[in-house]
Amino acid sequence: MPTADRAARARPRRVPLQALAAGAAVVGTLLAGCSVDVRDPSVPEPVQSPSALATPTITPGHDAEAVAAQDLPFSAGAILARGVPVGLADGLKEAPGWKQVKDNVAGESQYLKADGCLVAAKVRGNQSALAKGDDRESTVALFKYLDPTILPEYLKTEKLRWGGDPDAPARTVEVLALEPAVPQGGRATAILARLFATAGSSVYVSVSCPDTASLGSARGDVVKFLPVLPPSN
């Protein structure tokens with residue numbers, strides 16, 4: 001393929017907001033497989049490393065307790081230790097109505113609910129190649145890496161739990177969410193993700209359900225049982 005053609009294909013299309021419902025069906029098809037391995041040739045390839053949904057390695061001298069004791073909006077990502085990945089809990093496997101169907105396969109775990117909802121959760125390290133400015137800009141870049149047609153206005157800010165200690169005061173971490181329109185006869189899907197630029201890692205959670213009502217319930221379970229884990233001593 002000529003270089004000019006490749007460049008044209010790599011550039012995001014300017015899709016008006018009125019076309020979101022139609023375009024979202026394509027996005028849903030692309031992302032519902034819960035993979036963060038869709039390639040955008042315009043973005044440098046981040047170095048992949050083995051990752052696990054677990055508490056990450058700790059950097060000596062990092063005040064992890066202070067980091068875990070406060071909310072983590074996008075603007076606060078720089079307080080994390082450089083190069084030390086965050087993690088994800090796996091409490092959804094013990095939540096009522098849920099069971100784990102994939103346990104840390106290539107860094108991804110999957111959970112199936114009795115009503116047919118499927119959650120896939122993944123952590124990736126060595127994501128610095130996608131970092132752009134603060135964590136919000138970096139997370140937009142992550143979504144565009146997944147699909148160049150995704151525009152920032154398609155994404156909305158949401159929150160997950162920050163920290164896995166149930167006895168500690170509740171803290172939150174900001175993420176970006178994409179919820180495509182439900183295609184006729186299709187499944188309702190939501191993608192929640194954040195790229196932590198300083199930490200050089202990303203978390204990605206996909207929720208796919210038979211309908212919007214069950215999707216709302218499943219997303220509540222994700223918030224409750226799949227907190228994002230800061231580094232801990």
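Keep in mind that this is a model prediction, so the values were computed, not measured.
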Would you indicate whether the side-chain heavy atoms of [Y] and [X] approach each other to under 4.5 Å?
X	Y	result
Leu160	Leu226	no
Asp71	Lys159	no
Leu178	Pro180	yes
Val222	Tyr111	no
Pro230	Trp162	yes
Val101	Leu118	yes
Val175	Val205	no
Phe74	Val173	no

For the student: nearest non-hydrogen atoms of [X] and [Y], plus distance:
X	Y	value
Trp98	Cys117	CZ3-O, 3.9 Å
Lys132	Ala141	CD-CB, 3.8 Å
Pro227	Gly164	CG-CA, 4.1 Å
Glu137	Asp134	N-OD1, 2.9 Å

Please check: side-chain N/O of [X] versus main-chain N/O of [Y], any donor-acceptor pairing under 3.5 Å?
X	Y	answer
Arg161	Lys224	yes
Ser217	Ser214	no
Arg194	Phe196	no
Arg124	Ser202	no
Asp135	Ala197	yes
Arg82	Ala199	no

Walk me through it: do Leu192 and Leu176 pass the test side chain to side chain contact (heavy atoms under 4.5 Å, CB included)?
CA-CA 6 Å; Leu192 302 97; Leu176 288 183; over 6 Å; no
Transitive ILVMFWY side-chain link Ile150 to Val182, under 4.5 Å:
no
Stepwise, does the side chain to side chain contact (heavy atoms under 4.5 Å, CB included) test hold for Val140 with Leu195?
CA-CA 9 Å; Val140 171; Leu195 195 151; over 6 Å; no
Decide yes or no on salt bridge (Lys or Arg N to Asp or Glu O under 4.0 Å) for Lys113 and Asp221, but give the supporting numbers first.
CA-CA 10 Å; Lys113 195 175 182 181; Asp221 288 341; 3.2 Å; yes
Gap between atom [atom2] of [Y] and atom [atom1] of [X] - 0.5 Å precision:
X	Y	atom1	atom2	value
Leu72	Ile79	CG	CD1	5.0 Å
Leu130	Lys144	CG	NZ	12.5 Å
Glu174	Thr139	CD	OG1	10.0 Å
Leu215	Thr189	CG	OG1	7.5 Å
Ser201	Leu80	OG	CG	7.5 Å

Does the distance from a Lys or Arg side-chain N to an Asp or Glu carboxylate O, for [X] and [Y], drop under 4.0 Å?
X	Y	result
Lys102	Glu108	yes
Asp90	Lys93	yes
Glu179	Arg219	yes

Give the C-alpha distance, both sets of side-chain angles, the deciding distance and a yes or no for side chain to side chain contact (heavy atoms under 4.5 Å, CB included) between Cys209 and Val207.
CA-CA 7 Å; Cys209 292; Val207 189; 4.1 Å; yes
Evaluate the criterion side chain to side chain contact (heavy atoms under 4.5 Å, CB included) for residue pair Leu229 and Val86; output intermediate values, then yes/no.
CA-CA 6 Å; Leu229 301 178; Val86 300; over 6 Å; no
